[in-house]
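Here is how names work: the chains are called A, B, and so on, in the same order as the sequence lines, proteins then strands, and each is numbered from 1. Just so you know, these numbers use all the heavy atoms, side chains as well, and skip hydrogens, waters and symmetry mates.
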Amino acid sequence: MARFTIATWNVNSIRVRLSQVLDWLKTNQPDILALQETKVIDASFPWQDFQKIGYQAYYAGQKTYNGVAFLSKNPLGKITTDLPNLQDLQRRILGATYKDIYILNLYVPNGERVGSEKYFYKLDWLKKIRDYLEQSLYQYPKLIVLGDFNIAPTDDDVYDPTQWCEKILCSTTEREQLKGILDLGFCDSFRLFSQELNSFSWWDYRKNGFVYNRGLRIDLILISKALQSYCNNCKIDKTPRSLDRPSDHAPVVCLFN
DNA sequence: ATGGTAGTAGCACTA
């Protein structure tokens, strides 16, 4: 397999974060960057800025909320924004092919609070994603599912598991839904490699969460079995989180070769 | 502190 890097980053508004994303792309040169929470309608997506630095943009946005995108050095194929079993006005899904790899960029619903209406929407949404992935694996054994999952897979991905016990992003039911996806034949690429304790990808803006490393690891790159032997590294890049006016999420990068 | 901060929009909602 030719060397290939893919990354995911919830940017919390592409318009506010545009210069940071451009700088990060110039420095890191991933083949593909998947974005979440772009928060722009398609007509306002700043695709020209990315084209100038050698990236083609694919996007599915809406006003104010959600919005997903791919920035890619090479053209992507088979762009999908809705799944056969999941048609939603909320723009949270973007699928594309790159060579023989299928890539699914997800902005999983937050869920607000365990037991809330949004929580059940999240669980139902994840079940539909699972069913779609189960089918897709037949056609695309090489499958990458990445994005903001809004689930911390285990207590090792939580700065204070006691405080977060059975809270949104950490509840047993959410974790079981994620496990249901992993059990199809995916792994959490971050855990294929040794990592520092307390590695997180999201820190609350409030109460200096980043300064005290009070975070969660909710941004994931899941890879199917057919890709595992090619995966050489996965890491979280905390540097953009320390910039002025940052996103509350850090990029996660996965390398194949 | 049923708080806190940020983005969008221009208020209240979402995260």
Side-chain angles (χ1 to χ4, degrees), chain A residues 8-24 33-47 49 59-69 86 88-94 105-126 129 146-153 157-171 173-175 177-178 200-220 236 238-252:
Chain A
T8 179
W9 191 5
N10 178 323
V11 290
N12 187 19
S13 168
I14 188 59
R15 286 182 287 196
V16 172
R17 236 63 68 191
L18 180 59
S19 64
Q20 290 185 21
V21 176
L22 289 167
D23 288 345
W24 192 83
L33 172 61
L35 303 176
Q36 303 85 35
E37 283 206 89
T38 54
K39 296 185 173 179
V40 280
I41 58 170
D42 291 347
S44 306
F45 194 94
W47 60 271
D49 297 278
Y59 35 85
Q62 66 179 88
K63 195 167 117 110
T64 310
Y65 302 117
N66 309 314
V68 282
L86 213 176
D88 194 343
L89 294 173
Q90 300 188 28
R91 300 290 80 186
R92 298 178 174 277
I93 299 171
L94 192 60
N105 174 10
L106 301 180
Y107 176 46
V108 177
N110 171 282
E112 189 195 11
R113 179 173 39 79
V114 172
S116 68
E117 194 176 319
K118 291 193 180 76
Y119 178 71
F120 293 112
Y121 167 73
K122 178 182 194 174
L123 296 179
D124 181 61
W125 196 94
L126 285 163
I129 293 291
L146 78 174
D148 178 357
F149 280 71
N150 269 317
I151 301 173
D157 305 303
V158 182
Y159 72 94
D160 185 346
T162 306
Q163 184 191 316
W164 282 85
C165 181
E166 295 304 329
K167 297 287 194 303
I168 197 68
L169 316 183
C170 298
S171 73
T173 309
E174 289 166 272
R175 285 175 172 173
Q177 292 272 358
L178 177 61
F200 307 124
S201 66
W202 168 83
W203 301 260
D204 201 311
Y205 284 125
R206 294 167 285 192
K207 296 188 281 188
N208 282 318
F210 184 66
V211 172
Y212 299 106
N213 197 32
R214 295 182 191 131
L216 303 178
R217 190 175 67 89
I218 57 177
D219 299 274
L220 310 176
I236 297 167
K238 286 168 73 170
T239 51
R241 188 62 179 80
S242 41
L243 297 173
D244 190 42
R245 219 178 167 195
S247 165
D248 43 353
H249 296 251
V252 184

Backbone of I218(A) reached by a side-chain donor or acceptor of S201(A) within 3.5 Å: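 Between the backbone of I218(A) and the side chain of S201(A) there is a qualifying donor-acceptor contact (under 3.5 Å).
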field: Rounded distance in Å - CD (E112(A)) to P (dA12(B))
entry: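 Taking atom P of dA12(B) as the reference, CD of E112(A) is at 17 Å.
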task: Write down the distance between CD1 (I168(A)) and P (dT14(B)), rounded to a whole number of angstrom.
output: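 My rounded result for the distance is 14 Å.
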query: Taking atom types as modelled and ignoring hydrogens, do the side chains of N12(A) and K39(A) form a donor-acceptor contact shorter than 3.5 angstrom?
result: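 There is such a pair (donor and acceptor under 3.5 Å, judged by atom type) between the side chains of N12(A) and K39(A).
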Give me the distance, rounded to whole Å, that separates [N] from [M] when you measure between the [atom1] atoms they each carry.
N       : M       : atom1 : result
dC11(B) : dA1(B)  : C1'   : 24 Å
dA15(B) : dG3(B)  : C1'   : 16 Å
dG4(B)  : dT14(B) : C1'   : 15 Å

- request: Give one of base, sugar-phosphate or nothing for R92(A), where a contact means two heavy atoms less than 4.0 Å apart.
  value: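 Contact class for R92(A): sugar-phosphate only.
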- prompt: Base, sugar-phosphate, or nothing: which does R113(A) touch, judged by heavy atoms less than 4.0 Å apart?
  reply: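 Answer is nothing: R113(A) stays at 4.0 Å or more from every strand.
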- prompt: When you look at CD of Q163(A), are more than 12 heavy atoms from neighbouring residues, nucleotides or ligands closer to it than 6.0 Å?
  reply: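 Correct, the count exceeds 12.
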- prompt: Is the distance from OP1 or OP2 of dT14(B) to the nearest side-chain N or O of K118(A) less than 4.0 Å?
  reply: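 So the side chain of K118(A) is within the cut-off, an N or O lying under 4.0 Å from OP1 or OP2 of dT14(B).
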message: On the nucleotide dT8(B), are OP1 or OP2 found under 4.0 Å from the side-chain N or O atoms that S13(A) carries?
response: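 Affirmative; the distance criterion is met.
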message: Below 4.0 angstrom, which residues in residues 206-214 of chain A have at least one non-hydrogen atom near DNA chain B?
response: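 Close to the strand are R206(A).
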- prompt: Considering only dT8(B), dA15(B), dG7(B), which nucleotide approaches the side chain of E37(A) most closely?
  reply: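 Closest of the options to the side chain of E37(A): dA15(B).
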